[in-house]
There are 2 protein chains.
Amino acid sequence: MTTSKKTPSPEQTPLEEAYPTTVTGLVLEERLGYALRRAQLKVFKHFDEAMREHDIRPAQFSSLVVIEGYPGVTQSNLAQTLSIDPPRVVSLINGLEERGLALRVRCKRDRRSHGIFLTKTGEALVERLKGLAEQSDLEATQSLSEIERRQLLTLLRKVYASEEGGD
Amino acid sequence: MTTSKKTPSPEQTPLEEAYPTTVTGLVLEERLGYALRRAQLKVFKHFDEAMREHDIRPAQFSSLVVIEGYPGVTQSNLAQTLSIDPPRVVSLINGLEERGLALRVRCKRDRRSHGIFLTKTGEALVERLKGLAEQSDLEATQSLSEIERRQLLTLLRKVYASEEGGD
DNA sequence: AAAAAATAGTTACCTATTATAACTATGTCT
DNA sequence: AGACATAGTTATAATAGGTAACTATTTTTT
């Protein structure tokens, strides 16, 4: 830490010309986390648009699909499966229940837990949503070939499947 | 749409046995958005841990790296480059400035805009952070080979680089 | 040159997401 | 019975992020 410290030289005019709006050749482009976030934002944006009509958000969609796959799943199961916290599940299921898409059924054997089921409406909706989500994914990744899309999915799964701790 | 379909049959005991905590063979596993989110959460978790020591968050890191690459970048440039909103940039730069990592320099030619520069401290820090981020990415993707990691990065860039609208 | 429009940054505010802690009800173990 | 564990809930807070409106400048128009 030397005494002289005129790093940027505040005298100079800072921005002589416009900077490129698309940053290329930058260290940031090499960061996996950055690429993941950007790609995720894009895919989610498409998803939001696709779901807007039904006012369904990502977490609700995930919940619906899991409940469909495992009718009677408990809230703690759901929390664990989706890696979200129990309080989050409560409001999630509240929302679905209020809209008549799912319902809690108190478990007879362990009256602490609730099994969650889709209503008929919920089942119909989730079928529709799955199609929309599929389509949304395709649109968001138009720049990929089918093989590349498959590859990407495989690689992503490989990343998050190896949960070594915490999550 | 037949009339009889007693969907969940609320009489039954909902959860007879435990559900698998890792959901396999589920529709969700085929969703790109879901895989992206899960992978991103994992990578970001590692990033957070790596940066905890320096109390730097993802957006701050990105900003520092861009400022390093483009000294004198304006706030609007930064907003556009990182696809964030101008007000977000304000608080971001405020934080960096308060910590003595960056500073605003009013542009002489256009006194509305500020060029942003790293201080000497900021330059030293960003060098250190880049190493930590690199290491963090590697740790978060231990399950990938170097080739796969490269592939993943390429695919992700291909996804988010084709910004057809909005972002 | 004066008025109008545009731009960079800022401030205030509002919403959604997510995490934490504490509480109730029920079940299990000794 | 008593201690402990578990499922769900409530309340609360931290945070990200986004919109709208304001100030200070610059550019454009007349």
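Residue numbering restarts at 1 for every chain, and letters A, B, ... go by the order of the sequence lines. If you're wondering where the values come from, they're calculated on a predicted model, not measured in any experiment.
If you check D/dT9, D/dT15, C/dG9 against the side chain of B/Thr74, the one that comes closest is C/dG9. Of the candidate nucleotides D/dT15, C/dT10, C/dA8, C/dA8 has the atom lying nearest to any side-chain atom of B/Ser113.
The residues A/Glu146 and A/Arg149 are annotated as salt-bridged, a charged nitrogen and a carboxylate oxygen being separated by less than 4.0 angstrom. Using a 4.0 Å cut-off between a side-chain N of Lys or Arg and a carboxylate O of Asp or Glu, B/Glu30 and A/Arg150 qualify as a salt bridge. Salt bridge absent: B/Lys120 and B/Glu123 never bring a charged side-chain N and a carboxylate O closer than 4.0 Å.
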Table of protein N/O atoms under 3.5 Å from nucleotides 22-26 of chain C N/O atoms:
unit_1: C/dT26; atom_1: OP1; unit_2: A/Arg111; atom_2: NH2; d: 3.2

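If you measure from atom CG of B/Asp85 to atom C1' of D/dA20, you get 12 Å, rounded to the nearest angstrom. Distance CD1 (B/Ile84) to C1' (C/dA8): 15 Å, rounded to an integer number of Å. A/Arg109 places its CZ atom 14 Å from the P atom of D/dA7, with the value rounded to the nearest Å. At whole-Å resolution of the value, CD1 in B/Ile93 and C1' in C/dT11 are 17 Å apart. The interatomic distance linking B/Lys108 (NZ) with D/dT26 (C1') rounds to 18 Å, in whole Å. In this structure, B/Glu97 atom CD and C/dT10 atom C1' are separated by 13 Å, rounded to whole Å. Taking atom CZ of A/Arg88 as the reference point, atom C1' of D/dA11 lies 16 Å away to the nearest angstrom. Rounded to whole Å, atom P of D/dG17 lies 8 Å from atom CG of A/Leu41.
Comparing A/Arg37 and A/Pro87 by the nucleotide of DNA chain D that holds the closest heavy atom to each, the one mapping nearer the 5' end is A/Pro87. Residues B/Pro86 and A/Pro58 both approach DNA chain C. Their nearest nucleotides, taken by heavy-atom distance, put B/Pro86 toward the 5′ side.
B/Tyr70 and B/Ile84 fall within the same hydrophobic cluster, where Ile, Leu, Val, Met, Phe, Trp and Tyr residues are linked whenever their side-chain heavy atoms come under 4.5 Å apart, directly or through other members. By the rule that hydrophobic residues join a cluster once side-chain heavy atoms approach within less than 4.5 Å of another member, B/Phe44 and B/Leu144 end up as members of separate clusters.
Residues forming a side-chain hydrogen bond (donor to acceptor under 3.5 Å, both in side chains) with A/Arg104 (at least two apart in sequence, or on another chain): A/Gln75, A/Asn94, A/Glu97.
The minimum heavy-atom distance between A/Val159 and B/Ser143, with the atom names listed, is CA-OG, 3.9 Å.
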